[in-house]
**Student:** 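Have a look at this one before I ask anything.
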Amino acid sequence: EQGKLWSIRYHLLPQGAAPGSEPSPDQTITVATTRPETIQGDTGVAVHPDDDRYLELVGRMVRIPFVERDVPIVADDFVERDFGTGAVKVTPAHDHTDFETGERHSLPRIDIMTDAASMNANAGPYAGLSREECRLRILEDLAAAGDLVEVKEHEMAIGRCQRSDDIVEPRLKTQWFIQVKPMAERAMQAVRERRTRFVPERFEKVFFDWLENIYDWNVSRQLWWGHRIPAWYCPKGHVTVTDVETGPGRCVECRSFELTQDDDTFDTWFSSGLWPFSTLGWPDDSHDLRTYYPTQVMETGHDIIFFWVARMMMLGEWLTDEEPFRVVYLSGLIRDPYGKKMSKTKGNVIDPLLVMDEIGADALRFALINGAAPGADQRLGPSRLEGARNFANKLWNAARFVLGAKPSELPADVALTLPPGDLLGPAEHWILSRCHAALRDADAAYAGFQFAEATRILHTAIWSEYCDWYLEMAKVRLGPEVAAGVRAATWQVLAWVLDRYLRMLHPVMPHITEEIWGRLPHRPDDGDMLITAAWPVDDGLASAADERQAAAVADIIELVSQMRNARADAGIEPGTWLEAELSFDQADRVAAFEALADVVARLARVRPRVADSPGGGTDATALVVVSAGAEARLTVTAEDRDRDRGRLEKELAETEKMLVATQAQLANHSFTSKAPASIVDGVRAREAELRAVAARIRAHLDA
RNA sequence: GGGCGGUUAGCUCAGUCGGUCAGAGCGCCUCGCUUACACCGAGGAAGUCACAGGUUCGAGUCCUGUACCGCCCACCA
């Protein structure tokens with residue numbers, strides 16, 4: 001805040017003069033202050049011990065005006081020589097720093113205010129004035145005396161009450177404190193010994209920084225709501241502290257029965273710090289306490305590492321001799337769309353109940369988790385919430401399709417099983433392979449507290465792989481013309497894979513996954529509910545999936561995408577069926593294609609057949625699509641083909657650009673000699689692939 | 001003043017061990033009501049990864065510095 005800095009002249013007593021002597025009219029020391037109303041509480045003036053300007057004044061006495069008190073000039077290295085005048089008045093009863101300075105120099109502490117922040121009798125002529133009036137009057141009086149030397153604008157930090165916005169006045173009060181240094185030491189020890197670790201780890205620095213510089217914790221609060229401080233006072237002022245809930249009964253010192261309990265309550269963070277064990281029955285040796293303490297993961301926002309996490313750790317170590325938790329996972333703060341931290345005080349919070357009414361609890365959860373990189377704040381606005389709602393909707397509709405597509409030959413209570421290998425087609429191998437990869441990656445992400453990553457993996461797996469491709473491929477194998485056994489097997493794969501996704505997604509979207517799962521076939525060892533069903537780790541998917549067939553399908557998917565791309569670029573009517581001649585480099589690609597010919601037809605809107613000779617002839621009326629191991633020629637009109645030339649030219653340019661880059665890399669001897677062989681081999685393979693693709697495209701352009 | 005973090009596509013943000021990392025969602029553009037889903041589908045455009053140096057065969061990624069932005073702490077009166 002913008003305030004003022006006043007420079008005020010104090011008059012020195014003559015060297016060696018008795019206290020109370022007339023001060024010198026011209027020998028003075030000038031101090032700077034932002035709070036002149038506290039002058040009446042001054043009990044010293046401090047200068048830096050190495051400050052030549054004041055060296056000879058140390059030990060002399062100065063007269064505090066109006067109260068006419070004589071106080072010493074002391075040397076203390078807390079003083080900043082460059083600030084103000086280099087001399088500072090010391091008011092131990094009304095300033096934190098001055099209190100400590102006063103302690104170091106045995107200066108008296110004179111409280112000059114009342115609880116209502118007006119001046120008390122110690123303020124001499126100003127007694128009875130409010131602190132604001134007092135400031136004005138003192139400044140007037142100083143000016144009149146000629147001792148107000150300078151006034152400067154000054155920017156400074158001023159503590160204000162969060163509720164009333166009043167300036168906080170430091171006071172001397174009798175309060176309860178906890179000596180936390182030894183507790184802090186044990187909390188830090190738990191982290192040093194890795195009994196507790198922070199995720200992300202960088203917050204450990206914040207934690208240590210605070211605990212290493214901790215000072216006694218004032219736990220007295222003048223509030224009604226809270227744990228009452230268990231201290232009782234007798235009329236003589238003796239204190240009796242007890243853990244007996246009804247009180248001590250008698251004063252420990254004078255045996256008086258007349259006891260009153262301290263009116264104060266504990267700091268709310270003191271009570272909150274007891275949470276990890278007090279909720280489990282402590283101090284009793286309860287079953288819950290033995291079972292669940294220490295707990296595994298403490299999750300909270302990084303803004304309360306000091307307030308809460310550190311307190312739980314200090315109190316936990318001190319009272320139970322154990323760390324309260326093994327891992328502290330710190331999430332970021334939620335900000336509003338304008339980037340401001342959401343807080344109850346600011347009133348810019350999203351009401352989760354309203355959001356849930358609108359988009360569902362699961363969508364809200366997904367949005368929050370999907371946006372939560374560890375420790376990083378996130379802005380939460382409508383678009384992320386809508387995306388999450390759409391995902392829930394997508395999952396729901398996919399499940400609806402699967403449930404509705406169940407072949408009639410399967411009994412109602414059919415168990416969830418993976419069909420035998422001979423009933424699996426290439427597409428089934430592909431989705432089983434993709435599903436396995438997603439489960440493996442999502443599981444690793446969860447285990448590493450990468451929750452946003454886990455949701456991203458599952459989102460892609462379910463939407464882009466399962467829905468966009470596998471569902472479409474499975475539709476063909478669910479058709480009426482397909483053999484019943486194959487149809488049933490296809491459906492079992494659909495259900496099996498969906499089941500796996502649901503299990504993985506359940507922690508994030510518990511309601512929708514539970515609901516869908518309840519309608520799917522189960523394994524014999526599954527319970528009634530998903531929430532208690534087994535976590536799907538390494539359950540045979542890897543061995544079930546034939547990776548060669550899966551790779552072949554991946555190539556076919558790539559080819560379909562390129563055919564769609566070519567059609568769109570050439571401006572072919574979407575409804576038009578085109579003849580397509582395909583050729584493949586590898587025999588297993590041909591086999592996979594033959595199994596999926598109907599799928600290719602459906603998805604690319606072509607009538608595909610395999611070319612008699614690989615690499616076939618060129619055609620003036622063919623759209624050509626080239627991928628690493630395959631090629632497709634779509635029969636179109638000559639005009640369409642001409643329109644398409646640009647696409648091929650662009651593709652060639654891109655391919656050649658990458659080719660040049662890889663070739664340059666391979667020509668670099670330091671690269672080939674210093675980089676790991678696996679990297680170099682990878683680049684070589686890529687170079688060969690690019691060369692092949694470029695050659696193919698060029699051949700067709702030349703035709 | 002101290003500490004920490006951020007700066008990557010129009011927007012909001014991922015990118016963990018330096019090498020298929022130039023990515024996602026939203027938005028935008030072009031198509032499409034194909035019987036799970038228009039809260040959808042197909043295709044597309046779009047980034048000098050804040051700036052300047054350095055290390056390295058190779059740098060959003062590691063180091064140093066700079067500029068902005070944010071957060072926490074704090075007793076220069």
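Chain letters run A, B, ... following the sequence lines, proteins first, then strands; residues in each count from 1. Keep in mind that what you see is a predicted model, and the values were worked out from it rather than measured.
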**Student:** What is the distance from CG of A/D209 to P of B/G5, rounded to the nearest Å?
**Tutor:** 12 Å

**Student:** Rounded to whole angstroms, how far apart are CG on A/L385 and C1' on B/C13?
**Tutor:** 15 Å

**Student:** Hey, does the side chain of A/K475 come within less than 4.0 Å of B/A36's phosphate (OP1/OP2), counting only N and O?
**Tutor:** yes

**Student:** Dot-bracket for RNA chain B: what is it, with Watson-Crick or G-U pairs under 3.5 Å, [ ] where a pair crosses earlier ones, and | for a pair to another strand?
**Tutor:** ((((((((.[[[[.)...(...]]]].(((((.......))))).....[[[[[..)....]]]]])))))))....

**Student:** Using the P atom on both, measure B/U20 against B/G60 and round to a whole Å.
**Tutor:** 10 Å

**Student:** Would one find more than 12 heavy atoms of other residues, nucleotides or ligands at under 6.0 Å from atom CD of A/Q663?
**Tutor:** yes

**Student:** Under 6.0 Å from the ring centre and within 45 degrees of the ring axis: does the NZ or CZ of A/K475 meet both conditions for the six-membered ring of A/F401?
**Tutor:** yes

**Student:** To the nearest Å, how far apart are A/D76 CG and B/A77 C1'?
**Tutor:** 13 Å

**Student:** By nearest atom, which of the nucleotides B/G32, B/C76, B/C75 is closest to the A/T97 side chain?
**Tutor:** B/C75

**Student:** With a cut-off of 6.0 Å (strictly less than), are more than 12 heavy atoms of other residues, nucleotides or ligands near CD of A/E573?
**Tutor:** no

**Student:** Ignoring hydrogens and angles, does a donor from either the side chain of A/K205 or the base of B/C4 sit under 3.5 Å from an acceptor on the other?
**Tutor:** no

**Student:** Looking at A/W491, is A/R477 sitting on its ring face, NZ or CZ under 6.0 Å from the six-membered ring centre and within 45 degrees of the normal?
**Tutor:** no

**Student:** Taking atom P in both B/C40 and B/G47, what distance in whole Å separates the two?
**Tutor:** 27 Å

**Student:** In terms of the angle between their ring planes, are A/F449 and A/F451 parallel, tilted or perpendicular, with boundaries placed at 30° and 60°?
**Tutor:** perpendicular

**Student:** Short of 4.0 Å, heavy atom to strand atom, which residues of residues 28-49 of chain A count as contacting RNA chain B?
**Tutor:** A/A32, A/T33, A/T34

**Student:** I want to verify the glycosidic state of B/C17; is it syn or anti under the 90° rule?
**Tutor:** syn

**Student:** Report the relative orientation of the aromatic rings in A/W308 and A/W269; use parallel for angles under 30°, tilted for 30 to 60°, perpendicular for over 60°.
**Tutor:** tilted

**Student:** Can you measure A/F307 atom CZ to B/C72 atom P for me and round it to whole angstrom units?
**Tutor:** 9 Å

**Student:** Can a salt bridge be assigned to the pair A/E103 and A/R109 using a cut-off of 4.0 Å between side-chain N and carboxylate O?
**Tutor:** yes

**Student:** Give the rounded distance in Å between these two atoms: CG of A/L5 and C1' of B/C76.
**Tutor:** 10 Å

**Student:** Ion pair present between A/R456 and A/E453, side-chain N to carboxylate O less than 4.0 angstrom?
**Tutor:** yes

**Student:** Between B/G23 and B/G32, how far apart are the P atoms? Round to whole Å, please.
**Tutor:** 29 Å

**Student:** Counting only side-chain heavy atoms from C-beta out, which of B/C31, B/A77, B/G41 sits nearest to A/W463?
**Tutor:** B/G41

**Student:** Looking at A/K89 and A/D98, does any basic side-chain N land under 4.0 Å from a carboxylate oxygen?
**Tutor:** no

**Student:** Check each of A/Y470, A/F391, A/Y466 against A/Y501 using the ring-ring contact (aromatic ring centres under 6.0 Å, His included) test, and report the only one that passes.
**Tutor:** A/Y466

**Student:** Say you pick atom C1' in B/C21 and the same atom in B/U16; how far apart are they, in whole Å?
**Tutor:** 13 Å

**Student:** Counting side-chain heavy atoms from CB outward, which of B/A36, B/C76, B/G43 is closest to A/C467?
**Tutor:** B/A36

**Student:** What interatomic distance, in whole Å, is found between P of B/G18 and the corresponding atom of B/A59?
**Tutor:** 13 Å

**Student:** I'd like to know if A/E201 and A/R197 make a salt bridge, using a cut-off of under 4.0 Å between side-chain N and carboxylate O.
**Tutor:** no

**Student:** Has A/W210 got a side-chain N or O lying under 4.0 Å from the OP1 or OP2 atom of B/C4?
**Tutor:** no

**Student:** Could one point to a donor on the side chain of A/S670 or the base of B/C57 with an acceptor on the other under 3.5 Å away?
**Tutor:** no

**Student:** Between B/A67 and B/G25, how far is it from one C1' atom to the other, in whole Å?
**Tutor:** 30 Å

**Student:** Give the rounded distance in Å between these two atoms: CD1 of A/I214 and C1' of B/C73.
**Tutor:** 13 Å

**Student:** Take a 6.0 Å sphere around CG of A/D82 and say whether it holds more than 12 heavy atoms from other residues, nucleotides or ligands.
**Tutor:** no

**Student:** What is the distance, rounded to the nearest whole Å, between atom CZ of A/F306 and atom P of B/C72?
**Tutor:** 11 Å

**Student:** Is the centre of the A/F207 ring less than 6.0 Å from the centre of the A/H302 ring?
**Tutor:** no

**Student:** Any side-chain N or O of A/N565 below 4.0 angstrom from OP1/OP2 of B/G44?
**Tutor:** yes

**Student:** Between the base of B/C4 and the side chain of A/R202, is there any donor-acceptor pair under 3.5 Å?
**Tutor:** no

**Student:** In terms of side-chain heavy atoms of A/R379, which of B/G41, B/G43, B/C13 is nearest?
**Tutor:** B/C13

**Student:** Does B/C76 have OP1 or OP2 sitting under 4.0 Å from an N or O in the side chain of A/H154?
**Tutor:** no

**Student:** If you check every side-chain atom of A/N397, which of B/G43, B/C37, B/A77 has the closest atom?
**Tutor:** B/C37

**Student:** May I have the distance from A/F401 (atom CZ) to B/C40 (atom C1'), rounded to whole angstrom?
**Tutor:** 15 Å

**Student:** Determine the interatomic distance between C1' on B/U56 and the same-named atom on B/G19; round to the nearest Å.
**Tutor:** 12 Å

**Student:** Determine, for A/K205 against A/E212, whether the closest basic-nitrogen to carboxylate-oxygen distance falls under 4.0 angstrom.
**Tutor:** no

**Student:** Nearest to the side chain of A/N668 - B/C39, B/A77, B/C57?
**Tutor:** B/C57

**Student:** Indicate whether OP1 or OP2 belonging to B/G25 is found under 4.0 Å from a side-chain N or O atom of A/N370.
**Tutor:** no

**Student:** Is A/G3 touching bases, backbone alone, or none of the nucleic acid, heavy atoms closer than 4.0 Å?
**Tutor:** nothing

**Student:** Measuring only the C1' atom in each nucleotide, how far is B/U55 from B/G65? A whole number of Å is fine.
**Tutor:** 15 Å

**Student:** Have a look at B/G27 and give me syn or anti from its glycosidic angle (syn if within 90° of zero).
**Tutor:** anti

**Student:** Is the distance from OP1 or OP2 of B/A36 to the nearest side-chain N or O of A/Y466 less than 4.0 Å?
**Tutor:** no

**Student:** Does B/U12 have its OP1 or OP2 closer than 4.0 Å to a side-chain nitrogen or oxygen of A/R384?
**Tutor:** no

**Student:** Please figure out whether A/F203 or A/W469 has its closest RNA chain B nucleotide nearer the 5' end.
**Tutor:** A/F203

**Student:** Output a table of nitrogen or oxygen pairs between the protein and nucleotides 14-22 of chain B separated by less than 3.5 Å.
**Tutor:**
from  : atom 1 : to     : atom 2 : distance (Å)
B/U20 : N3     : A/R686 : NH1    : 3.2

**Student:** Of A/D468 and A/D303, whose closest RNA chain B nucleotide lies nearer the 5' terminus?
**Tutor:** A/D468

**Student:** So, A/R131 side chain and A/M113 main chain: donor-acceptor pair closer than 3.5 Å or not?
**Tutor:** no

